[in-house]
Amino acid sequence: MKGTWDPDTNPDEKQDINPTRALSATKWFRASLQVIDRVSERESLGVRDLKRATLRSLARALFAAADINPDSLTSSEETIHELLCMLNDETGSSEHLKLLWMKLEVVKKRKGDDKELLDAFGTLIDVMELTESEVTNVLVGMNSLGDERSALKITVSRFLLTRCLEVSNKDAVCRTLLTLLFYCKKNLDDDITYRNIETALNEVTEHSGFTLDKTSSLACQTMIVGFGDLFFSSRKWTKAAAFYMLAAHQAFIVTEKTSFPRVMMKAALSLINGGELDQASHIARQCPIQDARTHYLHLMVAVKQGREEDAITAVSNMVNASGLERSQLGLVMQLARDESMRALVQSVLEALLYVFRERGEPPGDVSVLLLYRCIIRLLADRLEEPGAETEDILAALFEHLSSLQGYLAETLPKITPVSITSDLQGLWRTVYNVGVYGCLAWEDDVISEVFRHAILLMDACEKTNLGGRDSHIIAYRASASFIVVSGKVFLARGTPDSEKREALHRNVLQDIAALKAHLREARQQMATGDQEERVAKMLQTCLVYEVEQLSCLKQWTPIIQLIKETALIPAPTMDGLQMIADILWRDTDCPSDGESLVQRADPWLTTPVLYEALEAILRTSLECSRLPEAKFCRWLRALCDILLKGGKSSDRTKALQYFKQAADVLQSWRDRLDFDEVYPIDERQWLLSMAYNTGIDDFRLSITDEGSEWLSLASIFCNFVPNGQVQRAKVNRIHSDLTARFKSRR
């Protein structure tokens with residue numbers, strides 16, 4: 001056997017075994033035993049010890065030879081049994097323990113069943129003194145078994161734990177208990193696993209005079225809570241609660257104050273999720289009353305049971321307790337929304353906000369801002385409910401928004417701004433969406449007020465944004481500012497009192513100045529496309545509003561510049577200029593300053609401001625091919641009337657160009673089905689008569705070249721009037737006669 005197997009090496013350490021030599025050695029050991037059996041104790045002293053030594057060597061040789069002769073394991077086990085019988089008086093001795101370890105290794109190698117392995121481990125543990133090294137060897141021996149033997153490992157661990165408790169080996173108890181929990185993790189779904197852990201902890205508790213130390217208790221609790229977390233994440237609420245409560249077992253009494261409340265709250269929460277509300281309430285009542293989380297549990301139970309008064313009481317207690325967290329407030333909000341109890345949660349959140357403000361929370365406390373956000377979001381949701389009491393909800397909304405603005409004015413200078421950026425982002429978006437929702441249903445002043453608050457929240461959000469200007473906020477603020485100004489314009493239009501109306505007009509002019517700056521900034525931030533077109537339309541409408549206010553205030557001088565600004569905006573339509581012209585057209589007080597035109601009987605025909613508007617329309621439409629179809633003929637006629645009645649050569653030349661544009665328009669529209677609607681017959685007749693008469697006048701004044709152009713246009717216009725061929729022949733004949741007459745004079 002020399003060099004084949006070292007008997008002093010730990011059985012669990014792998015050794016290089018030569019099974020062939022070991023099998024050969026068994027023959028010699030058996031022969032030795034035959035010789036020894038023939039010698040009596042009286043004949044030779046020490047023969048008993050020699051036999052024991054030979055049997056031990058034979059058992060080792062048989063074990064080593066098992067690789068080539070599996071049957072030798074049975075013989076090895078029988079040999080060990082014979083040796084153990086010889087050592088009845090030496091139980092627990094070093095030799096006895098070594099034999100028991102050998103027996104365990106033999107059973108493991110021949111893959112004995114769980115009962116055989118349990119007997120081997122049990123016999124070994126029974127006779128051990130359970131020193132640190134011996135406990136380590138047992139734990140290592142268990143670990144060498146495969147995962148399929150997890151139930152056996154748990155049973156052996158429990159047996160070892162019992163023995164460690166009997167000898168009051170605190171360190172061994174802790175190590176064994178942790179090992180037991182580790183093996184239990186493999187079969188958490190089995191009910192017996194829970195019972196094994198509970199039984200083990202009961203043993204620890206029942207053993208008088210023994211207490212786990214704090215470190216070991218926390219380690220064991222951490223593992224058990226981890227088991228509960230696994231069940232919680234898989235929504236197995238009852239099992240999760242059971243393991244959480246197991247972490248509050250009296251075996252861990254040393255950590256009662258620090259860890260018991262936490263695990264009991266987890267257990268109560270699991271039971272609430274599982275619908276076991278009475279049991280959850282019972283556990284919650286055992287949690288510390290000064291902890292906000294305890295009252296949060298009571299709140300959840302009350303809400304799920306429909307007890308509104310108890311829920312409000314729980315919230316009040318929760319706010320006045322310690323440890324109130326931001327996440328708890330969010331969960332309260334979510335819970336109430338899930339249960340469709342919006343009226344309740346509104347009163348709850350308002351009470352929370354009141355208490356927070358009255359308690360003098362530090363400025364910028366995120367919980368306060370979150371409460372504002374929750375309340376405003378809730379009110380926004382309630383506005384969309386069928387049959388909602390809109391007036392009351394809006395009154396509450398404006399009250400909280402005003403309070404929020406005051407809070408932000410106090411808070412922003414005193415905090416790190418980035419800490420509230422996300423809440424402010426949510427707030428302004430919520431308020432903005434409320435305004436959008438109300439655009440079709442609410443009064444103009446209400447809509448304007450909602451968007452005004454949205455703008456203030458956007459401004460506050462930008463102050464907290466460390467990354468610079470936000471392009472989204474710039475765009476939305478421009479839209480909100482436009483809606484606010486629009487609401488004020490509509491309000492001014494409907495105000496009967498002249499003094500109040502005038503004050504509103506002046507106020508709107510101030511707002512428009514700021515609005516134009518926002519819109520121009522928004523245009524610079526946007527890429528070309530639908531957004532840019534939308535901003536251009538708003539800017540165009542903004543200029544129309546400005547003209548309207550100036551017209552109402554009889555301030556005519558700035559309007560000409562506004563007309564030029566409107567013409568320069570690259571909008572797809574001429575709506576802005578048309579609206580300006582409509583405003584001036586209807587205003588009979590629009591005066592003539594005598595600078596551009598001679599005073600006439602019709603005031604609107606002699607007004608330079610109106611003239612500028614009409615000319616801007618036609619000039620821009622000529623340059624950009626954006627004809628105002630519905631009113632083109634009307635604006636053209638009005639402008640040309642002004643130009644032709646002015647009598648200046650330059651004005652007549654301008655009028656000629658506009659008549660040429662009219663000819664081009666008629667030519668392009670003549671095949672349209674709605675031709676008579678977009679360019680009525682009386683307007684075409686007017687074009688013909690004015691071109692003809694102006695041409696005749698020019699020939700009378702010897703302006704032959706220009707007169708010839710007018711008569712040529714008159715000939716073209718004959719194509720678009722009834723009996724046009726006859727009239728064209730007449731015009732052409734007169735044109736020819738006049739041309740020939742003036743040539744003969746030359």
Side-chain angles (χ1 to χ4, degrees), residues 333 336-337 340-347 349-350 372-405 424-461 472-473 475-497 500-501 504-505 507-508 511-512 514-515 518-519 522 530-531 533-535 537-542 544-545 548-549 575 579:
M333 177 66 180
R337 291 185 67 190
S340 300
M341 303 172 73
R342 291 178 175 175
L344 168 64
V345 80
Q346 179 184 337
S347 63
L349 291 175
E350 286 172 346
Y372 274 115
R373 184 177 176 182
C374 291
I375 292 171
I376 291 170
R377 178 58 187 270
L378 179 62
L379 290 168
D381 291 341
R382 291 189 63 196
L383 282 169
E384 299 181 14
E385 291 180 347
E389 297 178 356
T390 304
E391 291 186 7
D392 293 340
I393 298 174
L394 284 174
L397 176 64
F398 288 137
E399 180 182 351
H400 287 297
L401 286 173
S402 299
S403 173
L404 173 60
Q405 299 301 342
L424 288 174
Q425 286 274 8
L427 278 165
W428 77 253
R429 290 178 185 275
T430 299
V431 177
Y432 187 94
N433 289 334
V434 169
V436 172
Y437 173 78
C439 278
L440 297 177
W442 302 339
E443 296 294 332
D444 296 330
D445 56 336
V446 175
I447 298 170
S448 295
E449 184 67 7
V450 173
F451 281 105
R452 185 182 72 82
H453 282 289
I455 293 169
L456 292 174
L457 289 171
M458 291 181 204
D459 293 339
C461 187
H472 290 288
I473 290 182
Y476 280 103
R477 181 171 52 199
S479 298
S481 300
F482 176 77
I483 295 172
V484 171
V485 169
S486 298
K488 291 185 177 182
V489 170
F490 301 151
L491 180 62
R493 289 175 185 173
T495 301
D497 186 276
K500 291 183 179 179
R501 186 169 61 250
L504 285 172
H505 289 317
N507 181 261
V508 170
D511 292 341
I512 286 174
L515 172 58
H518 291 321
L519 291 172
D530 294 340
Q531 286 187 335
E533 182 179 316
R534 185 168 60 255
V535 173
K537 287 181 179 179
M538 286 191 289
L539 183 56
Q540 193 179 70
T541 307
C542 176
V544 174
Y545 287 158
E548 180 182 355
Q549 309 315 303
D575 292 345
M579 286 186 281

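- The line from CD of Gln549 to CZ of Arg493 is 8.0 Å long, rounded to the nearest 0.5 Å.
- Once rounded to the nearest 0.5 Å, the distance linking CG of Leu397 with CG of Leu404 reads 10.5 Å.
- From Asp392, atom CG reaches atom CG of Leu379 across 11.0 Å, with rounding to the nearest 0.5 Å.
- Contact record, Ile447 with Gly435: CG2-O, 4.4 Å, taken as the closest heavy-atom pair.
- Checked by atom type and distance alone, the side chain of Arg501 pairs as donor or acceptor with a backbone atom of Pro496 at under 3.5 Å.
- The closest side-chain heavy-atom distance from Met579 to Glu548 is not below 4.5 Å.
- Nearest heavy-atom pair, Cys461 versus Ile473, reported as atom, atom and distance to 0.1 Å: SG-CD1, 3.9 Å.
- Within the 4.5 Å cutoff, side-chain heavy atoms of Trp442 are placed close to those of Tyr437.
- To the nearest 0.5 Å, atoms CD1 (Ile375) and CG (Leu378) are separated by 8.5 Å.
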Walk me through whether Gln405 and Leu457 qualify under side chain to side chain contact (heavy atoms under 4.5 Å, CB included). CA-CA 8 Å; Gln405 299 301 342; Leu457 289 171; 3.8 Å; yes
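- Scored by the side chain to side chain donor-acceptor pair (under 3.5 Å) test, Ser486 finds Tyr545 as partners (sequence neighbours excluded).
- If you take CE on Met458 and CD on Gln425, they are separated by 10.0 Å, rounding to the nearest 0.5 Å.
- When all heavy atoms of Ala454 and Trp428 are compared, the pair lying nearest together is O-CB, 4.0 Å.
- The shortest distance between side-chain heavy atoms of Leu491 and Asp444 does not fall below 4.5 Å.
- Enclosure of atom CD in Glu389 is not indicated, since only 12 or fewer non-hydrogen atoms of other residues, nucleotides or ligands lie within 6.0 angstrom.
- In this structure, Phe451 and Val436 have side chains that are in contact, with non-hydrogen atoms separated by less than 4.5 Å.
- Of the possible polar contacts, one joining the Ser402 side chain to the Phe398 backbone as a donor-acceptor pair under 3.5 Å is found.
- In this structure, Leu515 and Cys542 approach most closely via the heavy-atom pair CD2-SG, 3.7 Å.
- Inter-residue side-chain proximity for Ser481 and Ile455 is flagged as met; some heavy-atom pair is nearer than 4.5 Å.
- Residue-environment remark: CD (Glu443) stays at or below the threshold of 12 foreign heavy atoms within 6.0 Å.
- Counting heavy-atom neighbours within 6.0 Å of Tyr476 OH, excluding the residue itself, gives a total of 12 or less.
- Remark: of the listed residues Val431, Asn433, Leu401, Val431 is the sole one forming a side-chain contact (heavy atoms from CB on, under 4.5 Å) with Val450.
- Atoms CG and SG, on Leu427 and Cys374 in that order, are 9.5 Å from each other to the nearest 0.5 Å.
- Evaluation of the salt bridge (charged side-chain N to carboxylate O under 4.0 Å, His left out) rule for Asp445 yields no partner, not counting sequence neighbours.
- For residues 481-492, the salt bridge (charged side-chain N to carboxylate O under 4.0 Å, His left out) pairs, not counting sequence neighbours, are Lys488-Asp511.
- Within a 6.0 Å radius of CD in Glu384, more than 12 heavy atoms belonging to other residues, nucleotides or ligands are found.
- Looking at heavy atoms from C-beta onward, Ser448 lies out of side-chain contact with Phe490 at the 4.5 angstrom threshold.
- Side chains of Arg477 and Asp459 form a contact here, defined as non-hydrogen atoms less than 4.5 Å apart.
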